[in-house]
Every structure is written in structure tokens, then in C-alpha cells.
**Q** 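Can you read through this structure? Questions will come right after.
Read the numbers this way: they start at 1 and go in the same order the structure lists the ligands and their atoms. Positions are given from 1 along the sequence. A quick note: this is a predicted structure, and the numbers were derived from the prediction, not measured.
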Amino acid sequence: IVINRYSDDQLRSIITKMRERQTIYREKVIDQYASSPEITPPVSEIEEEKKIKVPFKTKLITAYWSSVDFVLKPLEDRMDSVLGHTIDPFTDRRYIAWLSMVTLAFNYNTWFVTARLCFPYHTETAIPYWFAMDIVADLIYVTDAILFQPRKQFVKGGDIIKDRSMTKKHYRDSERCLADVVSILPFDLLYAQFGFKSIFRANRILKVDTFFEFSDRLESIMAKAYIWRVIRTIGYLLFMLHLNACFYYVASEYQGIGKTKWVYSGLGSAYLRCYYFAVRSLINIGGLNEPHTVFEISFQMTNFFTGVFVFSSLIGQMRDVIGAATAGQTYFRASMDNTVAYMVTNHIPPLVQNRVRTWYTYTWDAQGMLDESELLDKMPLVMRTAIAVDINLATFQKIDLFKGCDQQMLVDMLLRLKSIIYLPGDFVVKKGDIGKEMYIIKSGAVQVVGGPDNSIVFVTLKAGCVFGEISLLQSSKDGGNRRTANVKAYGFANLFVLEKKDLFDILVHYPESQKVLARKGRKLMKAKGPAAAKAEEDKKKGLALFGQKPQTPKFLRAFGGTINKTLIDKVKVRHAVIHFP
Ligand SMILES: Nc1nc2c(ncn2[C@@H]2O[C@@H]3COP(=O)(O)O[C@H]3[C@H]2O)c(=O)[nH]1
């Protein structure tokens, strides 16, 4: 019975919405990371049915992991206090240290499994040692698979998953886990049937992913990552030679050791001699005994081809790594060479050329690059801010001019700074010029100079001081925006430049700071502006010794302006020559 059509419709729509919402919440309960309802359509019935039907294989795997958990849970819980609930694989140094251990174990397996397979290294006396070392390597593998890998945090849909059950599940579902499990399968048990043979340990090589992970992490934390890259490439080269030495020994055994001139003679250290053969043969050095049999010729030819293709590409890779590491230096050299060539073509005076060269060399030595901003521009704002704040905020907070200004304004300013280097004696600011930027001294010093030939030094400003702010903070009315003094670099001066346009762009957003700076600007103008600067100049020249010009006495004035003037001029001359009391 419908009493009111409208209210009936409303109620029905509410019920439908409630049902939909219930479905979504149910879905969220099953998977807490499911996307929001606006994006994900409600789960259809068929999909839900699919979820319910768990295949036998999945059931088996779940049962397997449950039993593993049952056995390992006490150990895992105990290790929580040492390793933490989960591990951040990107920043946790302990994890990187652990990866180095696993890499060591992996390398032990990779190099020795092959060597032991080909060379007669399984002697009665050596077997116990091999056995002991194998066990140590296996323990490292197992520890990694049980305690470290399942703890590794991962990123899902932008979220860092730190929940242990999730990290464990993520690892267990990954191919890495499959490789890890296969790599620790104890085929060694077959020793009982077939004897002590390293072939049963060949599956240990499947843990190669850990080696690559270690390599990536190491690169990301090293200041000079190219050093590791070169070492790694050399490692690949040595391993190729090692494999070749192994093949050569097997080939020699196949032909009969010492049977022909080409094969290994059986004298001295087998490994060393075979490695020596591999080096000469793969690097195409030559000077080897000529192969005679078809087998020997084929082997040798394959070696030469491998040497040409594989070795040349590895050596090329090494050149790339070193090239990338010195790219900055190459760019600097090219820039300097081009500038010098340009100056020579345009007959620039040698003095200027020398200054330009000095600037290039000093800039490179001081900051390791020509333009820092080029590098920072590529970064997201938040990173640039972090770097700028870290390097310069403390210095900025100490600057008197900015005291009382908004902190955020200072941060905004830091982001607009440009670094620039002046050579000794360079004029940074010239009196009377329009002030379009202000400077903060990063390192070195500048001098405010004046008088004839700029020989009077009013003040020397050091690292952390600001200059060029007076004209910047004045309006262009009445020439207030003109530089009030000359400022010269004393030694090499590394400065930050803040352009007027940038400063005013920032100040628009900080009216309070704008007022503070305007007030300080007026004060500075009074204290150091043209009038004050003139007085200071006079003082430095020595004229200020006599203080203010005294008023002409009344009775002298009575004698007339001319006498008065002559008298005073005479007095001035005497003052200038002798120290008049
Ligand atoms: N006129 C003057 N300028 C000074 C003095 N000490 C430092 N300076 C700086 O020298 C700068 C010259 O250019 P600005 O006038 O823009 O700003 C000036 C000040 O920042 C001083 O005693 N007098």
C-alpha cells in the first residue's frame, strides 16, 4: 500500500543506497586497501563467487605456509626486538649490511660451485672444509628468507605497507620468494647416493636477485657510486674469465691432460694456469699454443668470438660508467674551452681572458659545477626546499635585516637565490647604478669603498652579511633606488644574489614582513644613505677632524663676505696641513 508516492520513493532510494554501502564496506573488510567506491565499481556476484572457490593449489600453499609459520613464529617474534617489526629496505643500513653478507654467500656459491664442479678440488682433506663453508652459506640464505625478506616494507598504491602480515604475504606471493625457496632446496642430500658433488648446489645461484638488490642499495648510499659500478663490471669480467678457465680445464680433461700442446699440461696450479689461458685467449692477447684437433680449434674459435663480443661490450660498459662519472668535468672543460676559443676569435685582451679562465677554475674548484641551480631545478619543490633550508636557513636567520620577518618568507627567498662568484677586485656594485639585486655573502669578503680611486675602505663585510639592500628597498622616486656606495670583492667572493623582482614577488604574500623590511630600509637609508655616506667619506678623508664648519662670527660678517671667506679659507688650509687645536 502506497500512502505517499514521494516518501515511498525516497525510502526505497535510501534502502538501495544502504545496500550499496553495505557491499562496499564488506569489500573493504576483505581487502582493507581496496580503492574508494568512487573508483571501484561494486563487486559483481560472479567475481564474489570466484573468490569463494579456492583452487586446490592455493589451499596447498596456504597450508604449507601455515605450517611454516607455526614452526617459525617463536623465532620471528624473538627477532622483532632486534630487527624491528618490519624493515625499510631503502634506508635501513643494517639491512644493507645484511645484504652484503648474503651477497658474499651468493658469490661463494657462484664461484666455488663452478670451480669445484670442474677442478679436482673435492679431496679427502678438503671435503670437511667445503662442507662447513657450504653450511655457513646455507644458513645465511635461510636466515635471509625467514627473517629478512618477509619483513621488507613495500609500496602499494603509493602507501608504504608496514604491516607485518602484509609484508610477509607480499614476499610469499613474489617470484623472489619462489627463487629463494628453490635456491635453498637441499639437493645436497643426494650426496648420500651420488657422492660429494657441487652440482647439487647449483640451485644456490638462483639467489642472484639479492646480489642485484645489494648492488642497487649500495649505489644509492654511496657518495661516489661509480666506484662500485666499476668494481662490479670488473667482477663480471673476472667471472667470465673464471668460467672460461673452468671450461678450459674440462676441455683439457676431455682431451687428456698434457696429451697435446694446447691442453693444460698438468703442471703447477691447475686453476692459475687455466685462468692464465683464459686471460690470454678471451682478451685476444694471443701467444698461446696452436690448437690442432677439431675440438681444440672449435673451442679456441668460440673463445675468440666470446672475447670479441662479450669482452668488448663489458669494456664498453666500463667506459660508459667512467664517462658518466666524469661527465661534469667534461662539461666544465668543454664550456671553458669554448669560451676561450670565443675570446681568442674576438681578440679579447689577454688580461680579461685570464680573468675569465680564473673564474672558471675557481668556480669549478669551489662548487664542483658551473651552475648549481641547473641541478636543483630538476628536483621537485619539496626537495629543493629541504636542501635550501638545510644549507642556508641558519645563516639567513642570523641576518639582522631579516629579523622579525616571517620564517616562511625566508624559505621562499632561499629558493630564489642564485649563487655567483666574483674574482678579487671585481666591483659587485657601483655607486649610482640602479639597484636591481641584493647580495648575501656565502664565503669570502667584500669591501665598501669610496673616495678618490676608491682607496678608502669604509667597511669589510664577511660571510653571512648582506649588502646592496639599501637601493633595493627604496622606491625609484628621487633616485632612491641608486646604489649608495661601491662594493668590491676582496679575494674570491662567493655570493648569493636575490633579485629585486623575486623579493617583491615574495613580499606580496607577506605584508607584515614587507612593513618590517620597509621600516628597516628607511632606517638604513638614514644611517648609510647618500648623506651619511658623504659624512663618512669626509671623515675618512680627515676633514671630519674639524667637525662641522663653524658659523661665521657676527663681527667678522660685518667686515663683508669677501674678507670673511678669505679668512675662513686660510684657516681651512692651515687645518689641512697641521693639526690645529
Ligand atoms: N652607503 C653605505 N653602504 C654600505 C655601508 N656598509 C655597507 N653598505 C652596503 O653597500 C651597498 C651599496 O649598494 P646599496 O646602496 O644598494 O646598499 C649598500 C649597503 O648594503 C655604509 O657604511 N654605507
**Q** For ligand 1, which atoms, with element, lie under 4.0 Å from some heavy atom of Val487?
**A** 10 (O), 11 (C), 12 (C)
**Q** Salt bridge check, Asp88 against Lys152: does any charged N sit closer than 4.0 Å to a carboxylate O?
**A** no
**Q** Any atoms of ligand 1 less than 4.0 Å from a non-hydrogen atom of Val429? List them with their elements.
**A** 12 (C), 13 (O)
**Q** Could you tell me, atom by atom, which parts of ligand 1 come under 4.0 Å of a heavy atom of Gly468?
**A** 11 (C), 13 (O), 14 (P), 16 (O), 17 (O), 18 (C), 19 (C), 20 (O)
**Q** Do you see a donor-acceptor pair shorter than 3.5 Å between the side chains of Thr110 and Asn107?
**A** no
**Q** Looking only at distances, please establish whether an N/O atom of ligand 1 is found under 3.5 Å from an N/O atom of Arg483.
**A** yes
**Q** Are Phe402 and Phe396 close enough that their ring centers fall under 6.0 Å?
**A** yes
**Q** So, Asp433 and Arg482, do they make that salt bridge, N to O below 4.0 Å?
**A** no
**Q** Measure across Glu499 and Glu437 and return the closest heavy-atom pair with its distance rounded to 0.1 Å.
**A** CA-CB, 3.9 Å
**Q** Give a yes or no on whether a salt bridge exists between Lys169 and Asp173, defined as a side-chain N under 4.0 angstrom from a carboxylate O.
**A**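 Salt bridge: yes.
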**Q** Going by the closest heavy atom to atom 16 (O) of ligand 1, which one wins out of Gly435, Ser471, Ala485?
**A** Ser471
**Q** When you check the gap from the basic side-chain N to the acidic O, do Lys224 and Glu219 get nearer than 4.0 Å?
**A** no
**Q** Does Val448 reach ligand 1 with a nitrogen or oxygen that is under 3.5 Å from one of the ligand's nitrogen or oxygen atoms?
**A**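 By distance alone, the answer is no.
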**Q** If we set the cut-off at 4.0 Å for heavy atoms, which region of Val459 has an atom near ligand 1: side chain, backbone, both, or neither?
**A** side chain
**Q** What part of Thr484 sits under 4.0 Å from ligand 1 if we count only heavy atoms: the side chain, the backbone, both or neither?
**A**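 Thr484 to ligand 1: contacts from backbone and side chain alike.
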**Q** Below 4.0 Å, non-hydrogen atoms only: which portion of Phe467 touches ligand 1? Side chain, backbone, both or neither.
**A**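 Both backbone and side chain of Phe467 come within 4.0 Å of ligand 1.
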